[in-house]
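Structure record follows, encoded as structure tokens.
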Amino acid sequence: MTSNHIPILFGSCRQNANTPGVAAWVTSRFNQKLPASSPLTLSPADSLLEKLPLGPVTDPMMAAMIQSSSRYQDQAVRAWSDFISASPAVVIVTPQYNWGYPGQIKNALDHLYHEWHAKPILLVTFGGHGGSKAAEQLEQVLTGGLKMEYVGNVQITLPRNFITAQERAKTDSDFLKAYEGEMDDAIINLLNIIAARKSA
Ligand SMILES: Cc1cc2nc3c(=O)[nH]c(=O)nc-3n(C[C@H](O)[C@H](O)[C@H](O)COP(=O)(O)O)c2cc1C
């Protein structure tokens with residue numbers, strides 16, 4: 001069954017993190033671009049992920065061998081599988097960590113396999129230089145490893161005081177205005193891909 005809910009996967013769960021603010025900004029751009037008649041919604045999957053005991057991958061059968069969620073041993077992974085299978089697309093909002101992407105993203109991805117195939121994925125990365133290294137590595141995983149349909153990547157450079165001091169990204173943060181055009185174009189691409197699939 002297909003849902004109208006596009007989940008946002010967070011790359012960071014730190015206290016006082018920038019990720020929720022960047023994700024709120026992405027959501028506000030999405031809602032502005034969404035046609036009034038569209039039933040689609042975009043919101044974080046974190047509350048769902050936090051409830052799940054998604055630790056290390058423990059299933060004895062690798063996900064690539066599993067074609068039905070009922071074959072996963074862990075109920076939490078079955079729920080994750082059904083949730084992702086039903087999603088029309090996925091958005092990842094993640095910082096760069098130590099020249100890579102945070103382990104929690106890889107962990108959430110590796111529990112599943114076929115569920116990701118051909119799923120449209122929009123990637124928003126950020127950091128001192130747009131999270132470019134995290135984006136490059138994630139793109140390989142998402143397209144090569146998981147065969148997702150890569151919609152694009154918006155790279156956001158955080159001002160220094162948002163990294164080393166207490167300022168945190170918000171929907172109306174000034175520095176995000178420079179990325180509005182690029183973000184809107186990526187969202188329109190995503191919406192067009194979803195619409196084309198629905199009418200196919
Ligand atoms: C563990 C860790 C590693 C980081 N590594 C990088 C890095 O490689 N490149 C970079 O530009 N910023 C790096 N930063 C700075 C982050 O981009 C910045 O702190 C960002 O706000 C982290 O996202 P968050 O606040 O949502 O957790 C790192 C931050 C943390 C906490």
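First listed ligand is number 1; within each ligand, the first listed atom is number 1. None of these values were measured; they are calculated from a predicted model. By convention here, the first residue in the shown sequence is residue 1.
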Under 3.5 Å between some N or O of ligand 1 and some N or O of Thr19?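 So ligand 1 has an N or O lying under 3.5 Å from an N or O of Thr19.
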Between Thr94 (side chain only) and Thr125 (backbone N and O only), is there a donor and an acceptor less than 3.5 Å apart?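 A pair under 3.5 Å: no.
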Gln104 side chain to Phe10 backbone, donor-acceptor under 3.5 Å: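 The answer is yes, because a donor-acceptor pair under 3.5 Å joins these two groups.
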Please confirm whether Phe126 comes under 4.0 Å of ligand 1, counting heavy atoms of the residue only.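 Distance cut 4.0 Å: Phe126 passes for ligand 1.
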Protein heavy-atom partner closest to [atom] - residue, atom, separation in Å:
{"atom": "atom 11 (O) of ligand 1", "answer": "Gly128 N, 2.7 Å"}
{"atom": "atom 21 (O) of ligand 1", "answer": "Asn18 ND2, 2.7 Å"}
{"atom": "atom 6 (C) of ligand 1", "answer": "Gln96 O, 3.3 Å"}
{"atom": "atom 23 (O) of ligand 1", "answer": "Pro95 CB, 3.2 Å"}
{"atom": "atom 2 (C) of ligand 1", "answer": "Tyr97 CD1, 3.5 Å"}
{"atom": "atom 19 (O) of ligand 1", "answer": "Arg14 NH2, 3.5 Å"}

Would you call Glu149-Lys119 a salt bridge at under 4.0 Å N-O?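 Looking at Lys119 together with Glu149, the answer is no, because their closest N to O distance does not fall below 4.0 Å.
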Sub-4.0 Å atoms of ligand 1 with respect to non-hydrogen atoms of Gly127: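 The list of qualifying atoms is 11 (O), 17 (O).
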Need the ligand 1 atom indices (1-based, order shown) with element for anything under 4.0 Å from a heavy-atom of Ser12.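 Checking each atom against Ser12, I get 24 (P), 26 (O), 27 (O).
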Under a 4.0 Å heavy-atom limit, does Val22 contact ligand 1 with its side chain, its backbone, both, or neither?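 Near ligand 1, Val22 shows nothing, with every heavy atom at 4.0 Å or more.
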Of the side chain and backbone of Ala17, name the one, both, or neither that has a heavy atom under 4.0 Å from an atom of ligand 1.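 Both backbone and side chain of Ala17 come within 4.0 Å of ligand 1.
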Does the ring center of Tyr72 lie less than 6.0 Å from the ring center of His111?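 Judged by ring-centre distance (under 6.0 Å), Tyr72 and His111 do not meet the cut-off.
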Report yes if the distance between the aromatic ring centroids of Phe162 and Phe175 is under 6.0 Å, otherwise no.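 Ring centres of Phe175 and Phe162 closer than 6.0 Å.
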Look at atom 5 (N) of ligand 1 and find which of Asn16, Asn98, Ile163 reaches it with the closest heavy atom.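 Nearest option to atom 5 (N) of ligand 1, by heavy atoms: Asn98.
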